[in-house]
Visitor: 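Structure below; questions to follow.
Computation of the quantities below employed the complete heavy-atom set of this structure, encompassing side-chain atoms and omitting hydrogens, waters and symmetry-equivalent molecules. Here the structure is a predicted model, which is why all the values come from computation and not from measurement. Position 1 is the first residue of the sequence, and the numbers go up from there.
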Amino acid sequence: MKYLLEKDLNAYTQERLLTESVADFKDAKDEFEDHRISEVKVLIAKYYNVTAIFSEVEPIRHPHLIKILTKMVGYDIKKRNAARKVTSDVEKDLEWAEKELDKMHRGIIKFDDLPPKVTDPSSPGTNASKMLYGNLKNENFYI
């Protein structure tokens with residue numbers, strides 16, 4: 001796994017359940033984590049430098065992102081186990097994680113300890129995207 005550690009998953013899920021759920025496909029944890037990280041990147045890239053956060057060399061392990069990813073990956077792993085039914089608590093955890101990501105995407109939750117998105121000042125979109133204000137009042141009431 002790239003961002004999460006085994007202890008992160010074990011903090012929210014019993015180790016035996018995790019082991020049994022991926023016993024037939026050892027790379028399942030890595031695959032689920034990769035998919036969920038790509039989803040998180042898309043949602044938080046508006047405000048944060050996702051390249052720095054999810055760096056291969058030295059990722060920035062933020063506690064809130066760890067909790068979100070752990071609940072999402074944990075749900076995927078548990079859902080994979082055909083012998084067990086996913087409980088409503090696990091589904092609520094996934095809903096919570098998705099709501100938190102939505103809040104981060106909308107800018108409702110902002111973290112100062114995560115690196116902000118790097119903006120290119122020479123980009124043509126920076127000036128064009130600013131809102132323009134003007135006075136549209138017509139003093140003489142004619143067109």
Side-chain angles (χ1 to χ4, degrees), residues 1-139 143:
M1 294 194 307
K2 298 175 187 176
Y3 191 78
L4 296 177
L5 303 175
E6 287 292 327
K7 70 177 186 169
D8 298 328
L9 290 174
N10 291 339
Y12 291 98
T13 306
Q14 294 176 0
E15 186 176 357
R16 180 177 172 211
L17 177 59
L18 292 173
T19 307
E20 289 176 3
S21 297
V22 296
D24 61 336
F25 183 53
K26 297 293 182 189
D27 295 333
K29 289 180 191 176
D30 296 334
E31 292 292 323
F32 289 139
E33 185 189 35
D34 287 341
H35 291 250
R36 290 300 186 166
I37 285 176
S38 63
E39 183 179 344
V40 169
K41 281 181 178 181
V42 168
L43 289 171
I44 68 171
K46 183 175 180 181
Y47 297 106
Y48 301 108
N49 183 352
V50 293
T51 307
I53 293 171
F54 296 105
S55 169
E56 294 282 335
V57 179
E58 190 176 330
I60 300 171
R61 291 183 36 86
H62 190 269
H64 199 67
L65 287 178
I66 290 171
K67 187 174 181 179
I68 289 171
L69 278 170
T70 301
K71 291 188 181 272
M72 294 173 90
V73 171
Y75 173 81
D76 292 338
I77 291 172
K78 292 170 198 168
K79 183 126 175 104
R80 202 171 176 280
N81 191 339
R84 298 178 188 256
K85 183 179 178 186
V86 177
T87 63
S88 63
D89 293 343
V90 176
E91 290 177 357
K92 286 180 184 176
D93 284 347
L94 179 66
E95 288 177 23
W96 174 86
E98 289 173 344
K99 284 180 183 177
E100 291 298 303
L101 272 178
D102 185 53
K103 289 177 187 176
M104 290 178 75
H105 174 69
R106 293 177 184 215
I108 296 170
I109 299 175
K110 290 189 178 180
F111 295 101
D112 294 334
D113 51 347
L114 286 174
K117 181 179 180 178
V118 179
T119 57
D120 184 13
S122 64
S123 172
T126 56
N127 291 334
S129 63
K130 292 181 182 176
M131 183 174 264
L132 299 176
Y133 295 96
N135 184 358
L136 299 176
K137 185 176 179 183
N138 187 347
E139 297 283 341
I143 298 177

Visitor: Partners of A45 by side chain to side chain contact (heavy atoms under 4.5 Å, CB included), sequence neighbours excluded?
Guide: V50
Visitor: Among residues at least two apart in sequence or on other chains, which ones pass side chain to side chain contact (heavy atoms under 4.5 Å, CB included) with V42?
Guide: none
Visitor: Identify the two heavy atoms, one from A28 and one from V22, that lie closest to each other, and give their separation to 0.1 Å.
Guide: CB-CG1, 3.6 Å
Visitor: Among all residues two or more places apart in sequence or in another chain, which pass the side-chain hydrogen bond (donor to acceptor under 3.5 Å, both in side chains) test with K29?
Guide: E6
Visitor: Just verifying a value: how many Å separate M72 CE and D76 CG, rounded to the nearest 0.5 Å?
Guide: 7.5 Å
Visitor: What I'd like to find out is whether the side chain of P115 reaches to under 4.5 Å of the side chain of I53, using heavy atoms alone.
Guide: yes
Visitor: Taking atom CG of D8 and atom OG1 of T70, what is their separation to the nearest 0.5 Å?
Guide: 4.5 Å
Visitor: Rounded to the nearest 0.5 Å, what separates atom CD in E20 from atom CD1 in I77?
Guide: 13.0 Å
Visitor: If you measure from the Lys or Arg side-chain nitrogens to the Asp or Glu carboxylate oxygens, is any gap between R36 and E39 under 4.0 Å?
Guide: yes
Visitor: By side-chain hydrogen bond (donor to acceptor under 3.5 Å, both in side chains), which residues pair with D24, not counting sequence neighbours?
Guide: R80
Visitor: With sequence neighbours excluded, tell me which residues meet side-chain hydrogen bond (donor to acceptor under 3.5 Å, both in side chains) with E15.
Guide: none
Visitor: Keeping to residues at least two apart or across chains, list the ring pair (Phe, Tyr, Trp, His ring centres under 6.0 Å) pairs with something in residues 37-68.
Guide: Y3-F54, H62-F111, H64-W96, H64-F111
Visitor: In terms of heavy-atom contacts, does NZ of K41 have more than 12 from other residues, nucleotides or ligands at under 6.0 Å?
Guide: yes
Visitor: Quick check: are there more than 12 heavy atoms from other residues, nucleotides or ligands sitting under 6.0 Å from CZ of R106?
Guide: no
Visitor: Mind checking side-chain hydrogen bond (donor to acceptor under 3.5 Å, both in side chains) for D30 and listing every partner two or more places apart, or none if nothing turns up?
Guide: none
Visitor: For a side chain to side chain contact (heavy atoms under 4.5 Å, CB included) check, start with the C-alpha distance between M104 and L65, then their side-chain angles and the critical distance, and finish with the verdict.
Guide: CA-CA 10 Å; M104 290 178 75; L65 287 178; 4.0 Å; yes
Visitor: After noting the C-alpha distance and the side-chain angles of K103 and E100, does the key distance pass the salt bridge (charged side-chain N to carboxylate O under 4.0 Å, His left out) rule?
Guide: CA-CA 5 Å; K103 289 177 187 176; E100 291 298 303; 3.4 Å; yes
Visitor: Sequence neighbours left out, what passes side chain to side chain contact (heavy atoms under 4.5 Å, CB included) with K2? Give chain and number order.
Guide: E33, D34, E56
Visitor: Rounded to the nearest 0.5 Å, what's the gap from CG on D93 to CD on E98? Could you check?
Guide: 11.0 Å
Visitor: Given I68, which of I44, L43, L101 fulfils the side chain to side chain contact (heavy atoms under 4.5 Å, CB included) condition?
Guide: L101
Visitor: Rounded to the nearest 0.5 Å, how far does OG1 of T87 lie from NZ of K78?
Guide: 7.0 Å
Visitor: Which pair of heavy atoms, one from L4 and one from I66, lies closest together, and at what distance?
Guide: CD2-O, 3.8 Å
Visitor: In chain order, what residues pass the side chain to side chain contact (heavy atoms under 4.5 Å, CB included) check against E91, with sequence neighbours excluded?
Guide: Y75, V86
Visitor: Hey, could you give me each pair passing ring pair (Phe, Tyr, Trp, His ring centres under 6.0 Å) that has a residue in residues 6-43? Not counting sequence neighbours.
Guide: none
